[in-house]
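Sharing a structure, written as structure tokens. Questions coming.
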Amino acid sequence: MDGAFDYIIVGAGSAGSVLAERFATAGKRVLVLEAGGSDRRFFVQMPLGYGKTFYDQRVNWGYRTEPDPGLNGQRDYWPRGKILGGSSSINAMVWVRGHADDYADWQQATGRSDWGWEAALAGYRQIEDCADGGDHWRGQGGPLHIRSNKAHAHPLVAPFLQACEAAGLPRTPDFNGAQQEGAGIYQLTIKGGRRNSAARAFLRPALATRRVALRTGAQVTRVLIEGRRATGVEYQWKGKAQRALGGEVILAGGAINTPQLLMLSGIGPARMLRDQGIEVRLDQPNVGAHLNDHQGINYTYRMTVPTLNQILRPWWGKARVGLQYLLTGGGPLGVSINHAGGFFKTDPALERPNMQLYFQAFSTLIPRGETRPVLTPDPFPGLSIGLSNCRPSSRGSVELASPDPLAPPRIHGNVFSTPQDVDEMLAAVKMLRRIAEQAPLKTLIAEELRPGPQVAGDDALVEDFRQRSGTVFHPSCTARMGRDPASSVVDGDLRVHGIDGLRVCDAAAFPTLIGGNTNAPAILIGWLGAQRILATAPAAG
Ligand SMILES: Cc1cc2nc3c(=O)[nH]c(=O)nc-3n(C[C@H](O)[C@H](O)[C@H](O)COP(=O)(O)OP(=O)(O)OC[C@H]3O[C@@H](n4cnc5c(N)ncnc54)[C@H](O)[C@@H]3O)c2cc1C
């Protein structure tokens with residue numbers, strides 16, 4: 001494997017799959033090393049199989065955070081894809097780019113228009129193949145098919161959207177179009193009834209060029225560094241240590257694994273590395289710092305009309321929708337759990353929406369241990385409306401727990417650790433209740449089950465979201481891009497400051513967290529990142 005490749009990509013997730021496709025199209029030779037296995041699994045391909053992969057250790061790193069004071073000392077569960085396609089193979093498939101001004105933040109942080117909104121818009125239009133057609137905002141004919149959930153939305157979506165309007169949140173036709181703010185129907189990365197992961201849209205076409213070699217079950221354990229230059233990687237494959245040498249090394253292992261791998265390779269906070277007995281190659285305190293993630297909470301209602309609970313719970317309902325899915329690729333199993341949603345401001349003086357809404361036409365109040373019972377929901381008609389913050393000011397961190405590369409890192413979520421994050425979530429849950437109190441949704445709600453009407457008053461509402469909220473799976477910024485090595489890990493061309501031949505290109509490299517779901521920006525960083533990488537040979541060692 002030595003010297004045969006221009007690039008070694010660590011991780012075939014959202015960003016890594018795009019990099020492989022872009023490099024192969026540019027005629028480069030690429031080695032992709034992926035710790036997980038094949039994505040040719042029924043519950044990965046079937047969109048609502050999401051509920052099955054959520055805890056499945058065969059396809060999921062399944063991390064636990066450290067006890068978090070912001071969550072009353074509880075440990076949160078953080079799923080991450082360990083499979084071809086990475087987290088795009090186990091995610092909820094919502095396609096949201098974020099707000100245009102989020103990319104102005106990227107430009108500001110990097111000092112480069114390459115990462116500004118104009119560049120992002122051009123990138124997204126090239127990436128997308130929108131079923132509804134292209135226009136100034138949207139792309140058509142690109143590698144990633146995206147379709148609106150319009151034709152498949154549950155009947156309760158209409159009263160939900162009307163209630164949002166009555167609560168002061170008007171309809172927006174496209175969260176990725178002219179206006180993000182408003183309520184509307186989500187767009188999904190689903191094609192022909194199957195999940196359209198980054199593996200399907202980018203990696204498979206890349207492999208077809210025959211310029212990409214892929215190893216699955218290959219977990220990279222260390223970047224090999226001589227002096228100040230990365231020379232290759234060491235990885236575990238079939239129980240043995242292997243090496244791949246030559247070519248530039250690009251880390252695309254995601255926001256948890258990428259900083260862990262940098263630290264295992266001697267790049268990170270010097271004291272932490274020494275404590276773990278790791279030789280320090282570069283003292284870089286920003287590795288694993290600045291962890292930024294969206295925190296969410298669901299409010300659950302008993303309804304007076306049937307919801308998906310009545311179809312997905314009984315055996316005969318499962319059999320019916322199973323058959324429907326197998327015969328047509330459609331029905332409730334062929335869509336995301338999130339049918340609709342919205343973006344709103346908790347304070348009209350804000351320039352961008354700071355909260356996201358999720359509408360789910362089922363409920364899962366009754367826990368079933370280590371499963372997310374999407375496919376076996378509650379025995380009564382239930383509905384969930386979820387919320388998550390867009391740009392929390394709390395910051396967590398990823399640290400090495402052990403020098404053993406196969407041991408999980410230590411994750412400090414540190415959520416709701418600023419008064420600002422608590423205050424805006426408090427305002428947001430009040431807005432959620434206001435929506436539920438509007439006709440016509442109100443007339444369809446029998447009662448609020450969780451938290452329940454007895455939870456009233458600011459202190460009780462805050463206590464409730466500290467007790468019940470959790471990640472919405474968007475960790476980012478742990479090896480962030482920026483112009484200054486004192487506050488960032490990689491430069492505007494994604495090169496690790498101070499080490500030649502090594503780059504980071506995944507959600508870890510986001511300069512700031514985007515106000516929306518993070519698959520789209522992870523795919524974008526792969527797309528624009530490939531342009532930057534191809535345009536800039538590694539600095540001479
Ligand atoms: C349950 C869940 C639901 C989500 N829902 C949505 C949604 O609806 N919409 C949305 O936009 N976003 C969603 N997200 C988030 C989104 O999918 C991620 O932000 C995005 O996929 C991250 O891309 P990435 O390239 O940074 O990392 P990933 O896609 O996670 O890829 C990293 C890859 O690297 C591999 N890897 C890691 N370490 C190593 C190593 N040492 N050696 C070899 N390989 C390695 C991993 O196995 C993985 O395949 C969700 C995420 C989860 C987990």
Side-chain angles (χ1 to χ4, degrees), residues 8-19 32-37 39 47 50-51 53-56 59-63 77-98 146 186-190 195 197-199 202-203 215-223 233-237 251-262 264-265 293-294 296 336-338 341 356 358 372 374 388 405-406 408-409 470-479 504-510 513-514 516-526 529:
I8 300 171
I9 300 173
V10 179
S14 296
S17 296
V18 178
L19 287 173
V32 179
L33 298 169
E34 166 56 47
D39 60 334
Y50 170 86
T53 56
F54 194 78
Y55 286 102
D56 186 344
V59 299
N60 197 323
W61 294 89
Y63 291 122
Y77 174 67
W78 284 24
R80 299 274 91 205
K82 184 181 187 181
I83 181 172
L84 292 182
S87 297
S88 77
S89 287
I90 66 162
N91 73 8
M93 297 156 292
V94 172
W95 182 255
V96 168
R97 299 168 173 178
I146 295 150
Y186 278 136
Q187 292 162 16
L188 306 170
T189 42
I190 294 178
R195 170 186 293 279
S197 68
F202 297 96
L203 187 64
R215 249 183 195 177
T216 53
Q219 182 165 343
V220 175
T221 50
R222 192 158 64 100
V223 179
V233 297
E234 203 164 72
Y235 62 100
Q236 283 278 327
W237 192 61
L251 306 188
I256 308 301
N257 292 40
T258 285
Q260 181 191 19
L261 187 53
L262 284 168
L264 289 166
S265 311
D293 188 20
H294 296 138
S336 166
I337 65 168
N338 299 308
Q356 184 170 359
Y358 298 89
R372 197 177 207 205
V374 176
S388 61
L406 305 184
T471 177
V472 293
F473 326 117
H474 299 159
S476 310
C477 308
T478 47
V504 174
C505 185
D506 58 16
F510 291 0
L513 182 55
I514 292 291
N517 312 69
T518 45
N519 190 38
I523 283 177
L524 181 81
I525 208 169

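For ligands, and for the atoms within them, numbers begin at 1 and follow the listed sequence. Keep in mind that what you see is a predicted model, and the values were worked out from it rather than measured.
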Hey, is ligand 1 close enough to K82 that some N/O pair sits below 3.5 Å?
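For ligand 1, there is no N or O atom that lies under 3.5 Å from one belonging to K82.
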
Quick one: does ligand 1 sit under 4.0 Å from the side chain of S87, the backbone, both or neither, non-hydrogen atoms only?
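The answer is both.
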
Just jot down the ligand 1 atoms closer than 4.0 angstrom to any heavy atom of G253, in number order.
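Once the distances to G253 are compared, the set is 32 (C), 34 (O), 36 (N), 37 (C).
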
Protein heavy-atom partner closest to atom 50 (C) of ligand 1 - residue, atom, separation in Å
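So the nearest neighbour among protein heavy atoms is N91 CB, 3.3 Å.
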
List the atom of H474, the atom of G516, and the distance in Å for their closest heavy-atom pair.
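Nearest heavy atoms, H474 then G516: ND1-O, 3.9 Å.
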
Under a heavy-atom criterion of less than 4.0 Å, does S476 contact ligand 1?
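No, S476 has no heavy atoms under 4.0 Å from ligand 1.
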
Distance, nearest 0.5 Å, that separates OG of S89 from CG of N60:
11.0 Å

Would you compute the distance between atom NZ of K82 and atom OG of S87 and round it to the nearest 0.5 angstrom?
12.5 Å

Is A255 in contact with ligand 1, taking contact as a heavy-atom separation below 4.0 Å?
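No.
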
Which protein heavy atom lies closest to atom 10 (C) of ligand 1, and at what distance to 0.1 Å?
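Sorting protein heavy atoms by distance from atom 10 (C) of ligand 1 puts N517 CB, 3.2 Å first.
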
For W61, state whether at least one heavy atom is located under 4.0 Å from any atom of ligand 1.
yes

Check ligand 1 against P79 and write out every atom of the ligand that is under 4.0 Å from a heavy-atom position of the residue.
1 (C), 53 (C)

Identity and separation of the nearest protein heavy atom to atom 9 (N) of ligand 1
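Here the closest protein heavy atom is V94 O, 2.9 Å.
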
ring-ring contact (aromatic ring centres under 6.0 Å, His included) partner of F473, the single match among W78, Y63, Y50, F54:
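So the option named by the test is F54.
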
Please state which protein non-hydrogen atom is closest to atom 5 (N) of ligand 1 and give its distance, to 0.1 Å?
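Going by distance alone, atom 5 (N) of ligand 1 is nearest to A92 N, 3.0 Å.
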
Students should be able to answer this: which protein heavy-atom is nearest to atom 22 (C) of ligand 1, and at what distance?
A522 CB, 4.0 Å

In the protein, what heavy atom is nearest to atom 40 (C) of ligand 1, and what distance, to one decimal place, separates them?
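Result: V220 N, 3.6 Å.
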
Going by the atom numbers of ligand 1, which of them fall below 4.0 Å from some non-hydrogen atom of T518?
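The atoms of ligand 1 under 4.0 Å from a heavy atom of T518 are 10 (C), 11 (O), 12 (N), 15 (C), 16 (C), 18 (C), 19 (O).
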
I need the contact type for N257 against ligand 1. Using non-hydrogen atoms and a strict under-4.0 Å cut-off, is it side chain, backbone, both or neither?
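Side chain only.
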
Yes or no on side chain to side chain contact (heavy atoms under 4.5 Å, CB included) for N257 and D506, after CA distance, side-chain angles and deciding distance?
CA-CA 10 Å; N257 292 40; D506 58 16; over 6 Å; no

Enter the distance from T189:OG1 to N91:CG here, rounded to the nearest 0.5 Å.
5.5 Å

So which of S17, G81, G254, A509 gets nearest to atom 46 (C) of ligand 1, if we judge by its closest heavy atom?
G81

Measure the shortest side-chain to side-chain distance between N517 and Q356 over non-hydrogen atoms and say whether it is less than 4.5 angstrom.
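Of all side-chain heavy-atom pairs linking Q356 with N517, at least one is under 4.5 Å.
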
Does H474 approach ligand 1 within less than 4.0 angstrom via side chain, backbone, both or neither, non-hydrogen atoms only?
side chain

If the cut-off is 4.0 Å to any non-hydrogen atom of V10, which atoms of ligand 1 fall inside it?
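Ligand 1 atoms under the 4.0 Å threshold to V10: 40 (C), 42 (N), 43 (C).
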
Can you check which of S89, G16, A252, A199 brings a heavy atom nearest to atom 33 (C) of ligand 1?
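Nearest heavy atom to atom 33 (C) of ligand 1 lies in A252.
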
Residue pair I8, V220: steps toward the side chain to side chain contact (heavy atoms under 4.5 Å, CB included) verdict
CA-CA 11 Å; I8 300 171; V220 175; over 6 Å; no

For ligand 1, is any non-hydrogen atom under 4.0 Å from T221's backbone (N, CA, C, O), its side chain (CB onward), both, or neither?
neither

Identity and distance of the protein heavy atom lying nearest atom 12 (N) of ligand 1:
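The closest heavy atom on the protein side is N519 N, 3.3 Å.
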
Can you classify the ring geometry of Y77 versus Y55 as parallel (below 30°), tilted (30 to 60°) or perpendicular (above 60°)?
parallel

Closest non-hydrogen protein atom to atom 52 (C) of ligand 1, residue and atom name please, with distance?
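For this ligand atom, the closest protein heavy atom is F473 CB, 3.4 Å.
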
Between S14 and N519, do the side chains contain an N or O donor and an N or O acceptor separated by less than 3.5 Å?
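Indeed, the side chains of S14 and N519 share at least one donor-acceptor pair under 3.5 Å.
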
Go through ligand 1 atom by atom and flag the ones less than 4.0 Å from a non-hydrogen atom of A15.
25 (O)

Less than 4.5 Å apart, side chain to side chain, heavy atoms only: is that true for V233 and L261?
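No - every pair of side-chain heavy atoms lies 4.5 Å or more apart.
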
So T518 and L513, do their side chains get closer than 4.5 Å, heavy atoms only?
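Yes, at least one pair of side-chain atoms sits under 4.5 Å.
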
Interfacing atoms of ligand 1 (cut-off 4.0 Å, heavy-atom, S14)
20 (C), 21 (O), 23 (O), 25 (O), 29 (O)

Which part of L33 is near ligand 1, with near meaning a heavy atom under 4.0 Å away: side chain, backbone, both or neither?
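Backbone only.
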
As an exercise, identify every atom of ligand 1 less than 4.0 angstrom from a heavy atom of A507.
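Those of ligand 1 that fall under 4.0 Å from A507 are 26 (O).
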
Looking at OG of S476 and CG of D293, how far apart are the two atoms once the value is rounded to the nearest 0.5 Å?
7.0 Å

Heavy-atom side-chain proximity of T478 to T258 below 4.5 angstrom:
no

Which distance, rounded to the nearest 0.5 Å, do you find between the CD of E234 and the CG of L264?
11.0 Å

Side chain, backbone, both or neither: which part of A218 comes within less than 4.0 Å of ligand 1 when only heavy atoms are counted?
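It is the backbone that gets close, since no side chain atom is under 4.0 Å.
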
